[in-house]
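Reading through the structure tokens given below for one structure.
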2 protein chains.
Amino acid sequence: MLPWLNLGLPRTTSPAQTNHALNLSSYLARLVASGQATSRSELARVTGLARSTVSEHLLPLLRIGLIAEHEAEAGARGRPPSVLTLNPQAGVILAADIGAAKGRLAIADFGQHFIVERSIQTDVARGPDTVLAEVRTAFLQMLAERQIDARNVRLIVVGLPAPVDFASGMPVRPPIMPGWDNYPVPASFQQEFSAPVLVDNDVNLMALGEARCRPATQCPLLYVKASTGIGCGIVTHDGQLHRGADGAAGDIGHVRVPGHEEPCRCGAYGCIEAFASYGAILRKVGGDVGGDPGEAQLSALVRTAAGEIGEVIAMLVHFFNPAVIVLGGRMTQFGDEMLAGVRSVVYRRALPLATRKLSVELSTLGNRAGIIGAVVLGVEHVLSPQGLRSMMPTTE
Amino acid sequence: MLPWLNLGLPRTTSPAQTNHALNLSSYLARLVASGQATSRSELARVTGLARSTVSEHLLPLLRIGLIAEHEAEAGARGRPPSVLTLNPQAGVILAADIGAAKGRLAIADFGQHFIVERSIQTDVARGPDTVLAEVRTAFLQMLAERQIDARNVRLIVVGLPAPVDFASGMPVRPPIMPGWDNYPVPASFQQEFSAPVLVDNDVNLMALGEARCRPATQCPLLYVKASTGIGCGIVTHDGQLHRGADGAAGDIGHVRVPGHEEPCRCGAYGCIEAFASYGAILRKVGGDVGGDPGEAQLSALVRTAAGEIGEVIAMLVHFFNPAVIVLGGRMTQFGDEMLAGVRSVVYRRALPLATRKLSVELSTLGNRAGIIGAVVLGVEHVLSPQGLRSMMPTTE
DNA sequence: ACGTTTAGTTCGGACATCGACGAAAAGAGG
DNA sequence: CCTCTTTTCGTCGATGTCCGAACTAAACGT
């Protein structure tokens with residue numbers, strides 16, 4: 001007999017306690033949101049449920065105004081279906097992708113339409129109070145511009161360039177954000193907004209955004225961002241973000257690469273991001289030439305750095321065996337050099353088995369990956385069974 | 001609007017198509033198997049279901065003989081419960097943990113009792129036909145010894161020291177197993193046994209075994225095996241094995257560590273397993289001294305190698321942020337040196353955030369981890385909804 | 001005008017789950 | 001020894017979920 005056995009049972013909730021009705025409603029809502037079905041009979045075909053059952057579970061979604069029906073213009077043979085869409089009036093999601101220096105804010109509805117999108121300056125070194133106050137002000141302004149009541153905000157999603165404990169929404173020992181350690185980001189929004197607040201690492205959101213804009217067969221997926229720092233977002237085989245035990249997963253910027261001894265802002269020496277990040281490259285050309293890089297020199301440096309990043313990625317390919325690696329961050333403005341540098345090393349270093357079907361690509365979403373990922377996380381949360389329950393009328 | 005959106009929907013099966021009754025039966029069976037509940041009313045308490053519902057879903061399990069009832073000796077106040085256990089007569093699982101040179105075979109019942117266990121020599125270089133024939137012969141002999149009919153074999157689980165495509169059960173480009181590439185391992189058992197055959201990487205099974213013998217809070221878990229080669233098994237936050245896109249995940253033996261140029265059996269130079277594996281150490285002492293290592297020299301070499309493995313593990317900690325790292329393989333016969341060598345490097349290299357709650361431990365299961373993991377995988381498969389369906393009488 | 005096709009609704013039956021009740025099996029206490 | 005309490009387990013009707021068949025609705029084609 002084995003010492004103690006835990007047969008892969010669910011971690012917290014008992015499957016017996018799940019609310020099947022809510023699960024079905026959530027499933028239908030997500031099918032509508034993703035555009036995979038636009039009418040009742042299409043839902044029935046996709047899910048395999050009876051049409052009557054679909055209608056039944058659609059009722060609460062229509063009642064709370066999450067899903068709206070429209071007349072379809074005819075054109076086909078039979079009775080035209082009533083087209084189902086997520087109701088743009090059902091509420092909005094506020095999404096913030098806060099980078100070290102620049103940020104991006106957006107208001108989106110549950111149909112993933114971006115209503116407003118805006119860039120802001122966010123110098124995170126000025127501390128959480130200042131930065132988050134500016135974010136809140138900008139959000140209120142954007143809402144006012146479009147005449148959206150703050151009470152229509154259903155969810156706020158914030159991406160930060162720091163490890164984040166997702167459950168509590170607090171940054172954990174961020175290396176570049178003085179004053180943010182354990183700062184209660186969700187609470188800072190409670191004055192102006194009553195909606196729940198999700199906080200996550202910015203690279204995680206980018207990875208999620210890229211993963212959701214591709215077919216599910218491209219998971220497991222790694223998103224590697226090379227900008228001021230170097231980070232990595234991990235999406236597992238089943239499409240879930242892997243955040244690790246402390247929310248610190250993907251923090252590959254401080255992997256040490258022998259042969260290098262550059263001092264890193266983290267205090268150690270030889271971290272990959274101390275010599276192969278875009279920030280390191282800019283420091284290099286700034287110091288060497290004195291302000292005027294020159295396109296050719298810059299692209300050569302990028303290619304070298306890409307090779308060094310490729311060494312690390314080759315290791316990750318061995319370990320994680322992803323289906324796709326997506327390269328993002330500011331360094332991808334030299335897309336071809338970046339791609340060539342990474343690919344050459346990865347395909348040379350890694351075993352053929354792990355690279356046989358591997359695809360190394362540039363981000364298709366560019367600098368919008370983070371904000372798109374934030375909206376995706378928000379929509380998935382609102383349309384999840386738990387999210388739907390909070391919208392249902394006074395059952396409890 | 002986003003280009004194409006796939007809102008984290010399930011990959012293949014529609015939640016609407018799941019058989020709720022089978023799911024519940026499977027859940028109850030796994031609760032009984034793991035010893036978390038031993039009577040109907042206990043099941044009701046744990047699951048939150050009504051006692052009548054528990055009884056109802058227990059019926060098919062009792063009917064197919066998977067679960068047996070025993071009289072309980074009294075002792076408490078009221079009517080003694082009828083104790084539920086997995087029926088030892090319900091059938092057996094054949095488990096094989098095939099290493100490069102040595103292997104381990106076991107017969108276990110669904111209650112995770114090992115009925116017979118045996119070591120065999122398995123020189124995988126002799127090719128799959130020979131090795132698997134010996135495994136089959138040994139299995140038949142073990143069954144005969146205990147007078148178990150071959151028809152009582154419900155499942156066969158095989159662990160191989162190679163990347164394995166789990167769905168098809170075929171090794172994929174194994175570096176050390178000539179002739180095994182794409183060999184249909186399951187088919188080779190079909191002559192003697194009619195049971196389904198699961199094939200997986202041996203390190204994956206060890207990781208699963210270690211993970212299941214610990215509380216679920218110790219996931220995500222990494223199992224690092226250092227023997228002839230170096231490999232790694234990955235268990236994610238929700239207790240699932242991460243096998244990667246090609247079944248090659250965890251193959252960290254061929255991570256290249258700069259500063260080393262030893263030739264590796266894979267054809268490249270500087271792979272970690274070419275100089276830091278137990279095999280490499282043995283070659284070293286064999287070459288240096290000429291056959292008589294000396295305990296002190298060996299343990300010093302182990303400590304050095306452990307530090308080099310620790311460099312790789314530090315990187316994995318950055319990337320994956322596991323809760324626990326379990327060290328296994330033959331090198332752990334120098335447990336203290338191994339542990340100290342790995343720990344010193346990991347805690348020095350990795351960021352404090354990722355190591356704050358990290359625990360680095362020696363395998364608690366030792367060289368039985370693989371065979372235990374194989375039985376666990378088998379039990380979980382048999383008690384899964386899909387596994388139960390195949391045991392149910394003639395519904396389809 | 002009438003059939004054809006597709007969409008959506010209504011309704012009764014099959015089945016699942018629950019809670020209440022009662023029976024069974026033990027110990028406690030007189 | 002008999003009765004009460006306690007705990008377990010089975011049975012049964014009430015309620016709710018899901019399905020499929022039948023029906024209505026709305027378009028097109030001839």
Side-chain angles (χ1 to χ4, degrees), chain A residues 14-28 31-32 36-63 67-85 385 388-389 392 395-396, chain B residues 13-28 31-32 37-63 67-85 385 388-389 392 395-396:
Chain A
S14 140
Q17 298 292 27
T18 58
N19 185 329
H20 295 293
L22 262 182
N23 277 349
L24 272 189
S25 290
S26 162
Y27 184 45
L28 296 179
L31 283 173
V32 171
Q36 293 183 42
T38 61
S39 72
R40 287 171 173 79
S41 31
E42 214 171 337
L43 280 171
R45 273 196 299 274
V46 172
T47 61
L49 293 164
R51 285 203 311 276
S52 48
T53 311
V54 170
S55 284
E56 193 174 344
H57 286 282
L58 225 41
L59 273 181
L61 299 175
L62 293 165
R63 206 172 46 236
I67 286 185
E69 289 185 282
H70 309 278
E71 302 284 315
E73 70 280 12
R77 269 298 288 261
R79 167 178 175 175
S82 71
V83 176
L84 303 170
T85 57
L388 287 185
R389 179 162 53 203
M392 294 293 175
T395 340
E396 56 247 304
Chain B
T13 58
S14 143
Q17 298 291 27
T18 56
N19 186 330
H20 296 292
L22 262 183
N23 276 348
L24 272 188
S25 290
S26 162
Y27 184 46
L28 295 179
L31 282 173
V32 171
T38 61
S39 73
R40 287 171 173 78
S41 26
E42 214 170 338
L43 280 172
R45 273 196 300 273
V46 172
T47 60
L49 293 164
R51 283 202 315 278
S52 47
T53 312
V54 170
S55 283
E56 193 175 345
H57 287 283
L58 225 43
L59 272 181
L61 299 175
L62 293 166
R63 205 173 45 236
I67 286 185
E69 287 185 281
H70 309 280
E71 301 285 313
E73 70 282 10
R77 269 295 289 264
R79 167 179 174 176
S82 72
V83 176
L84 302 171
T85 57
L388 287 185
R389 179 163 50 205
M392 293 295 174
T395 340
E396 59 248 301

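In the text below, chain A, chain B and the rest are named by the order of the sequence lines, each starting its count at 1.
- Judged by distance alone with a 3.5 Å cut-off, a donor-acceptor contact links the side chain of R79(B) to the base of dT8(D).
- Across A50(A) and A44(A), no two heavy atoms sit closer than the pair C-CB, 4.4 Å.
- E71(A) places its CD atom 20 Å from the P atom of dT6(C), with the value rounded to the nearest Å.
- Residue E42(B) contributes atom CD, which lies 14 Å from atom P of dT7(D) at whole-angstrom precision.
- Nearest heavy-atom pair, V46(B) versus A37(B), reported as atom, atom and distance to 0.1 Å: CG2-CB, 4.4 Å.
- Residues that satisfy the side-chain contact (heavy atoms from CB on, under 4.5 Å) test with E56(A), not counting sequence neighbours, are absent from this structure.
- If you measure from atom CD of E69(A) to atom C1' of dA7(C), you get 11 Å, rounded to the nearest angstrom.
- Judged by distance alone with a 3.5 Å cut-off, a donor-acceptor contact links the side chain of R51(A) to the base of dG8(C).
- L24(B) comes within contact range of the sugar-phosphate backbone alone, with a heavy-atom separation under 4.0 Å but no base atom that close.
- Distances shorter than 4.0 Å separate none of the side-chain N or O atoms of R40(A) from OP1 or OP2 on dT6(C).
- For the pair N23(B) and P385(B), the tightest heavy-atom approach, listed with the atom from each and the gap, is OD1-CG, 3.1 Å.
- Of all heavy-atom pairs spanning R40(B) and L84(B), the tightest one is N-CD1, 3.9 Å.
- Here the closest non-hydrogen pair linking L58(B) and L28(B) is CD1-CD1, 4.2 Å.
- For L43(A) and dC19(D), the CG to P distance is 13 Å, given to the nearest whole Å.
- If you take CG of L84(B) and C1' of dC9(D), they are 11 Å apart, rounded to a whole angstrom.
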Filtered N/O pairs between nucleotides 28-30 of chain D and protein, under 3.5 Å:
residue: dC28(D); atom: O4'; partner: R77(A); partner atom: O; Å: 3.3

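- Interatomic distance, S39(B) OG to R51(B) CZ, rounded to the nearest 0.5 Å: 10.0 Å.
- The minimum heavy-atom distance linking L388(B) with S25(B) is given by the pair CD1-C, 3.9 Å.
- With H57(A) as the partner, the side chain to side chain contact (heavy atoms under 4.5 Å, CB included) test is satisfied by one option alone out of L43(A), T47(A), L24(A): L24(A).
- In this structure, L49(B) and P81(A) both approach DNA chain C, and ranking their closest nucleotides by distance from the 5' end singles out P81(A).
- Of the residues in residues 52-59 of chain B, those with a non-hydrogen atom less than 4.0 angstrom from any atom of DNA chain D are S52(B), S55(B).
- One atom, NE2 of H70(B), and another, C1' of dT8(D), lie 17 Å apart when rounded to the nearest Å.
- Spacing between atom CG of L22(A) and atom P of dC18(D) amounts to 11 Å, rounded to whole angstrom units.
- Remark: C1' of dT5(C) and CZ of R45(A) are 13 Å apart, rounded to the nearest angstrom.
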